[in-house]
Amino acid sequence: MKICRFLWAGLALSLTASCGGPLPLLESDAGDAWRPSADVTTGATIDVSTDVPADVPAVDRSAPAGRCGDGVVGPGEACDDGNDDPTDGCTSDCRLWVMEPAEMGFEAGEAILDPSLMCRPMSVHRGWAARGPVRVPYRINLCTRDDGSDAFALASVRAVMGQVAATFRAAGVELFEHSVTRFRFNDCVTQYEESRLDDLIRGSGVPAGVVPITFVRAIESRTSAFTIGGYAWFRGRPVNAGTSHRVVAHELGHFFGLGHTHSCRLGRETGANCDRAGDLLCDTPPDRGPRGVNGLDRCDDGATLNGSCSAAGCGAASCPDGARPDAENLMSYYACARRLSGQQADFVRCTLANELREYGRETCADECPTAQARSCSGGALRTCGNHDGDACLEWSPPTACPAGQTCATDRCVAQCVAGAACPTGNPCTIGTVRCAGTSSSCAASPRPAGTPCGSAMTCNGQGVCVASPPAGQVCRSGFAGSGSGGMSGARCLARYTFQVVRGGTYTISTCGRSTGDPFLSVSGACTCSNDDSCGLGSQCTCTATATGVATICASTFATQSATWSYQVSSANGGCNAPAGSICRSGFAGSGNGGMSGARCLARYSFPVTRGHRYTISTCGRSTGDPFLSVGGACTCSNDDSCGLGSQCTCTATATGVATICASTFATQPATWSYQVSSADGGCR
């Protein structure tokens, strides 16, 4: 089955079809989402013929061109709506301004969003996008011209994929780069009517569960007057001619099973039959397609859908039958297409958990150690297990102990009363009021309600006063914030960094400085985590394994809300680690559209000495969302080390000059002031 689609890129149109295949590897990179490591292999140049199958109808271009503006689509015209308004989907010189033009007579086969798909009914896919994200790996198949140059700069392709990832993040889909493969094919120009390229892709050893996204220089057609921008289908291999993030995102929508908003192959959609006709989703209004675009779809009654709606600017389009489609929906043909609806997001997330299970990887993390493990929370008992249907373990909601009992350690025990005998082997509980250990009598140290633990003691959250950790020197404090839905560290609501020295012991705490139920985790050069060290407050201690930076992930238990103010202290002089001499500061500026390093909005240089470490940071000195990358004799990069600020550390590989590329995430604006410091005397 082949499903043809045509896609817009800039002012040119594009075609989406299922002609496709694999490619011999010339270069294969495998690594993280932005910086794969190079692993180059060499293959032969492939010269593919472009013969057109005999059953493909030809386009007659011999007829004289019609007059643009006469309301009739004539030879040489892509559209003709009878006016010269260039913003209504048909330009004043009769070129289309839409996401995708007509099917041009090709048989499209069944609708992409097929009724037989398990996730198609709304009752099945409802709410899936809110279940937590899945990680979906993709491989960039980048064509290399015959002269050895890439069809597009890899940095540009990655910047586009960053925008595409942002589009699908709202659907609970975290796209990440698995690898990069370069291939040589016919000077990076393929013919739409032949499938040799798709055969090459299929045979190139695409890893299981990795979406192959191919970029070629052009897709030509002997039967279409349009410039073809890409094609894809459900589970198919998206191929793109160009680097338009809207084109790539639209084609991925087809890969994940979404149909066009104007689809009528299952009947013309109305508000009453939206779950059985059109694109089978009810929060994408009925759409008849952009005016001037003919042959959009073939309906179940055999009629051909010709576009009739106009969209001046973005927002809602208007159709003669009263329909008001969303001109910004990613799966429409309008120039403003850019976003998914809620039900489209739910459907995509559902297919990745069911029909496309091999591509989706749950991103949740276990919140508790083992199934059936138990712990106390606020005097109540909770149990570890899979309580929400995902792939990970989490604590159950706290269950109150029976009357006269309270939770201690991992069980309900008899509650002590001041002056009464303690149950043997069980701690007397205090909440925050009174305390004894495992003594045989609470009368030994009766504490009336409201009395805190004694000097140098603290309540451990389970009703027992224990020795307080040495306060030590306060290294950092005031990491304040609030939030909800942190899911016990599965989602960081904020990040804070502090300097550590190898062998130093650090206590990170919200005790006495929080409300609600914050969750604490620390990573980097010092690692630890805790949920309820002091009541619902959190505290943990770690020993630094290296001199460097540790990062606090500010989170909350499950979906609960909390406020916090973190304090970092050291009991063994860890605060005395040299903060590092400031080598350079005041590299200030502002800008937007840096595309995560694909474009440097400004460059700043500083001298480095081989073997010395340097920390480059905008933390506390930026607004917006700056992106940081450093090249030259010292290389590193970062996006969000401290909230939306950026910081990274590198070791100089040579004595010379390092250069900061001041950039921003995607197209967002930012201001910044970079500071360069060295903890080991590298300033010069």
- Does the side chain to side chain contact (heavy atoms under 4.5 Å, CB included) test come out yes or no for Val239 and Val216, once each step is laid out? CA-CA 7 Å; Val239 176; Val216 296; 4.2 Å; yes
- Task: Before giving the answer on salt bridge (charged side-chain N to carboxylate O under 4.0 Å, His left out), spell out for Arg182 and Asp150 the whole-Å C-alpha distance, their side-chain angles and the decisive distance to 0.1 Å.
- Result: CA-CA 8 Å; Arg182 286 179 170 85; Asp150 288 343; 3.1 Å; yes
- Take Cys661 and Cys600, measure what disulfide (SG to SG under 2.5 Å) needs, and give me the verdict at the end. CA-CA 5 Å; Cys661 166; Cys600 296; 2.1 Å; yes
- Message: Would Phe183 and Thr214 count as a side chain to side chain contact (heavy atoms under 4.5 Å, CB included) here? Give the steps.
- Response: CA-CA 10 Å; Phe183 67 98; Thr214 299; 3.7 Å; yes
- Message: What verdict does the side chain to side chain contact (heavy atoms under 4.5 Å, CB included) test give for Gln499 and Val549, after you've listed the backbone C-alpha separation in whole Å, the side-chain angles of each residue and the deciding distance to 0.1 Å?
- Response: CA-CA 5 Å; Gln499 298 285 333; Val549 176; 3.6 Å; yes
- Message: Test side chain to side chain contact (heavy atoms under 4.5 Å, CB included) on Asp287 and Asn329; report intermediate values, then the result.
- Response: CA-CA 11 Å; Asp287 182 7; Asn329 190 278; over 6 Å; no
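Looking only at distances, no side-chain donor or acceptor of Ser561 sits under 3.5 Å from a matching main-chain atom of Ser484. Ser482 contributes no side-chain N or O that, together with a main-chain N or O of Ala562, makes up a donor-acceptor pair within less than 3.5 Å. Although no hydrogens or angles enter the test, the distance criterion places no donor-acceptor pair under 3.5 Å between the side chain of Ser332 and the main chain of Glu328. Judged by distance alone, with hydrogens and angles left aside, the side-chain atoms of Ser663 form a donor-acceptor pair with the main-chain N or O of Arg599 at under 3.5 Å. A donor-acceptor pair is defined here as one N or O able to donate and one able to accept, closer than 3.5 Å; such a pair exists between the side chain of His250 and the backbone of Leu330. Although no hydrogens or angles enter the test, the distance criterion places no donor-acceptor pair under 3.5 Å between the side chain of Asn638 and the main chain of Leu628. Without hydrogens or angle criteria, Asn186 side chain to Val189 main chain gives a donor-acceptor distance under 3.5 Å. No donor-acceptor pair under 3.5 Å is formed between the side chain of Asn240 and the backbone N or O of Gly242. Not a single donor-acceptor pair under 3.5 Å links the side chain of Ser617 to the backbone N or O of Gln647. The backbone N or O of Gln675 sits nowhere less than 3.5 Å from a side-chain atom of Ser585 that would complete a donor-acceptor pair.
Side-chain contact check for Thr551 and Thr497: no donor-acceptor pair (N or O, by modelled atom type) lies under 3.5 Å. No hydrogens or angles considered: a donor-acceptor pair under 3.5 Å links the side chains of Ser341 and Asp283. Side-chain contact of Thr618 with Ser646: a donor-acceptor pair under 3.5 Å is absent, judged by distance alone.
Proximity of Arg349 to Val134: side-chain heavy atoms (C-beta onward) are separated by under 4.5 Å at one or more points. Tyr614 has its side chain within reach of Val608: a pair of non-hydrogen atoms, C-beta onward, lies under 4.5 Å apart. Using a 4.5 Å cut-off on side-chain heavy atoms (C-beta onward), Thr284 and Gln344 make contact. Between Pro607 and Arg584, the closest side-chain pair of non-hydrogen atoms falls below 4.5 Å. Residues Met595 and Gln163 form a side-chain contact, since some pair of their non-hydrogen atoms from C-beta on lies under 4.5 Å apart. Using a 4.5 Å heavy-atom cutoff, the side chains of Ser678 and Cys683 are in contact. Residues Phe215 and Val248 meet the side-chain proximity criterion, which asks for heavy atoms closer than 4.5 Å. Put simply, the side chain of Asp625 reaches to within 4.5 Å of the side chain of Asp639, judged on heavy atoms.
Applying the side chain to side chain contact (heavy atoms under 4.5 Å, CB included) test between Phe255 and each of Tyr138, Trp233, Tyr359 identifies Tyr359 as the sole match. A ring pair (Phe, Tyr, Trp, His ring centres under 6.0 Å) with Phe587 is found for exactly one of Phe606, Tyr674, Tyr604, namely Tyr604.
Trp672 approaches Ala602 most closely through the heavy-atom pair CZ2-CB, 4.4 Å. Of all heavy-atom pairs between His245 and Val160, the closest is CA-CG1, 3.6 Å. Between Thr664 and Gly593, the shortest heavy-atom contact is OG1-N, 3.4 Å. The two residues Ser673 and Gly586 have their closest heavy-atom pair at OG-CA, 3.7 Å. Minimum interatomic distance between Ala654 and Ala633 (heavy atoms only, all atoms of both residues): O-CB, 3.6 Å. Heavy atoms only, all atoms of each residue included: Asn592 and Pro669 are closest at CB-CA, 3.4 Å.
For Phe152, the ring pair (Phe, Tyr, Trp, His ring centres under 6.0 Å) test picks out no residue, with sequence neighbours left out.
By the SG-distance test at 2.5 Å, no disulfide connects Cys528 to Cys542.
Going from atom CE of Met161 over to atom CG of Leu175 covers 6.0 Å, rounded to the nearest 0.5 Å. With rounding to the nearest 0.5 angstrom, the CZ atom of Arg603 is 8.0 Å from the OG atom of Ser629. Summarising the geometry, atom SG belonging to Cys188 is positioned 11.5 Å from atom CD1 belonging to Ile219; distances are rounded to the nearest 0.5 Å. Distance CZ/Arg339 to CZ/Phe168: 15.0 Å, rounded to 0.5 Å. Leu252 CG to Leu258 CG: the interatomic distance, rounded to the nearest 0.5 Å, is 10.5 Å. If you take CD on Gln668 and OG on Ser596, they are separated by 8.5 Å, rounding to the nearest 0.5 Å.
Ion pairing of Arg217 with Asp187 is present here, as a side-chain N (NZ or NE/NH1/NH2) and a carboxylate O approach within less than 4.0 Å.
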